Amino acid sequence: MTTKAVITVKFFASLREHVGQTEAEVAESGMKSVADVWSQATNNMALPENTLMAVNMEYVDSSCTVKAGDEVAFFPPVTGG
Amino acid sequence: MTTKAVITVKFFASLREHVGQTEAEVAESGMKSVADVWSQATNNMALPENTLMAVNMEYVDSSCTVKAGDEVAFFPPVTGG
Amino acid sequence: MLVEIKDAPFEPYQCLLDYQANAGFAGKYGATAAFVGTMREFNQGDDVEAMLLEHYPGMTEKYLEKISAEAATKWNILDSLIVHRIGEMLPNDPIVLVAVWSAHRAEAFDASRYLMEELKSRAPFWKKERLAEQTRWVEKKT
Amino acid sequence: MLVEIKDAPFEPYQCLLDYQANAGFAGKYGATAAFVGTMREFNQGDDVEAMLLEHYPGMTEKYLEKISAEAATKWNILDSLIVHRIGEMLPNDPIVLVAVWSAHRAEAFDASRYLMEELKSRAPFWKKERLAEQTRWVEKKT
């Protein structure tokens, strides 16, 4: 189970440039929420206003709980279409 | 001016079949309105409910006055598109 | 701004592309809203074998040009195209194309729908359907 | 119902026709509402030379399939198609196609607009513009 006890974190677009990383893995131990994942993956950077969050490719808010094996993504407001 | 002292009348679609004619010319003398044109062109047939009317290809109502040289058209509700 | 009446089958998306290729708005449009009306093989529960589309030559074009001009007044659009079929047609034949180009999407959506609603309500076209055993004029419903 | 992400230029109306030719609704659709978003050569007053469209692979498709399913629940439509470009693109390149087929026009109009609004508001795509002297992320406005 050791190989699964991590959470994959992804950053996109301007937020990817802001945090200076595209993808990270963080240990699952002790984290409860998407906000915790952000803090651990970014070394406690402030979470920019309007940041969108997804767990396993579904929109969530920052209080959503996470578990080992989850993919958590952070990105700015979308501008497609 | 004799050749111009007429009004051209057109009938379309189901109304054309109902009145049994496609096009008619009626003398202008004594007519005042589109309703008068209908009566004269159709030998006083009743004007079917919902009939649409145009003078010179613009929608009008049956009280619209007409003059020699005008083209008056009668047709049922439209079903294009 | 163009209005065309076609008395033979036409390819709506090719008409749109041809018009777009020759229009002066290249690089300026972010939005194209297109509506295509197509002949169905059934209507009011009956199989329809063919359809005859009658129109009022002259008034049709005049009316469609009028609503095109109205749309260009009401919304900030770049251009519009209406193509409408007349004559004898078969199921799956395109009947009408309405296309509107604009910088942003709301105007193209609004104007194309306006054009279709105005066309359906007042443009002098009439459909006569041929069923297996009879022909019938389509009655107005919308 | 189909969602496609394209990493190279695509012809939206050809995609529409290809999909329509192979779909099971021939003879049943009276209405097709199509929206095409195209890259403009200017934005917010600046000339734009090129654009990079980033997305979230996997979530994009999942989200677009979700809204397509929602549209099919909300309206009586026959089918829908969404094609969205990603990667490096140039002015006049198509960005997105949304097409909806239905028996009658109201449903196609409503559903296509719904899909575009939902796509614009939540589908994980991001545009980065290349101007003469700099690049910039497009900021959300609608």
Side-chain angles (χ1 to χ4, degrees), chain C residues 11-21 23 25-44 47-49 51 78 90-106 108-117 119-120 127 138 141-142, chain D residues 11-21 23 25-44 47-49 51 78 90-106 108-117 119-120 127 138 141-142:
Chain C
E11 293 290 345
Y13 303 105
Q14 194 56 52
C15 289
L16 187 162
L17 287 169
D18 291 346
Y19 187 73
Q20 183 173 278
F25 52 71
K28 295 175 177 49
Y29 66 104
T32 311
F35 179 87
V36 174
T38 301
M39 186 185 158
R40 289 178 297 134
E41 65 195 3
F42 62 93
N43 193 25
Q44 301 171 261
D47 288 346
V48 182
E49 296 183 349
M51 190 166 74
L78 292 161
L90 297 172
N92 285 308
D93 277 1
I95 301 169
V96 62
L97 164 71
V98 167
V100 175
W101 290 265
S102 60
H104 302 287
R105 72 185 182 286
F109 274 125
D110 287 342
S112 66
R113 190 157 193 172
Y114 173 82
L115 289 174
M116 268 310 295
E117 298 303 328
L119 186 158
K120 294 285 285 190
K127 290 171 178 160
V138 176
K141 33 169 238 259
T142 38
Chain D
E11 293 291 344
Y13 303 106
Q14 193 56 51
C15 290
L16 187 162
L17 286 169
D18 291 345
Y19 188 72
Q20 183 173 278
F25 52 72
K28 294 175 176 49
Y29 66 104
T32 311
F35 179 87
V36 174
T38 301
M39 186 185 157
R40 290 179 297 135
E41 64 196 3
F42 63 92
N43 192 26
Q44 301 172 259
D47 289 346
V48 181
E49 297 183 350
M51 191 165 76
L78 292 161
L90 298 171
N92 284 309
D93 278 0
I95 301 169
V96 62
L97 163 71
V98 167
V100 175
W101 291 263
S102 59
H104 302 288
R105 74 187 180 286
F109 274 125
D110 287 342
S112 65
R113 190 158 193 170
Y114 173 81
L115 289 175
M116 267 311 294
E117 298 303 329
L119 185 159
K120 294 285 284 191
K127 290 172 178 159
V138 176
K141 30 171 242 262
T142 41

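Keep in mind that what you see is a predicted model, and the values were worked out from it rather than measured. Per chain, numbering begins at 1; letters A, B, ... match sequence-line order.
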Does a side-chain heavy-atom distance below 4.5 Å link R113(C) with R113(D)?
no
Most contact-rich option vs chain C, by heavy-atom pairs under 4.5 angstrom, among A31(D), P91(D), P12(D), is A31(D)
Turns out that what part of A106(C) lies under 4.5 Å from chain D's heavy atoms comes down to both
Report which part of L17(C) has an atom under 4.5 Å of a heavy atom belonging to chain D: side chain, backbone, both, or neither.
side chain
By a 4.5 Å heavy-atom criterion (distance strictly below it), what part of D93(C) contacts chain D: side chain, backbone, both, or neither?
neither
Max heavy-atom pairs within cutoff under 4.5 Å with chain D, candidates G30(C), A103(C), A99(C), G37(C), goes to G30(C)
Using 0.5 Å steps for rounding, measure from the OG1 atom of T38(D) to the CZ atom of F25(C).
9.5 Å
Winner by heavy-atom pair count (cut-off under 4.5 Å) against chain D, out of M39(C), E117(C), Q14(C), M116(C)
E117(C)
Return the minimal non-hydrogen interatomic distance between R40(D) and K28(C), and the atom names on each side.
CD-O, 3.4 Å
Max heavy-atom pair count under 4.5 Å with chain C, selected residue of G27(D), P94(D), S112(D):
G27(D)
For E11(D), does the CD atom have more than 12 heavy-atom neighbours from other residues, nucleotides or ligands under 6.0 Å away?
no
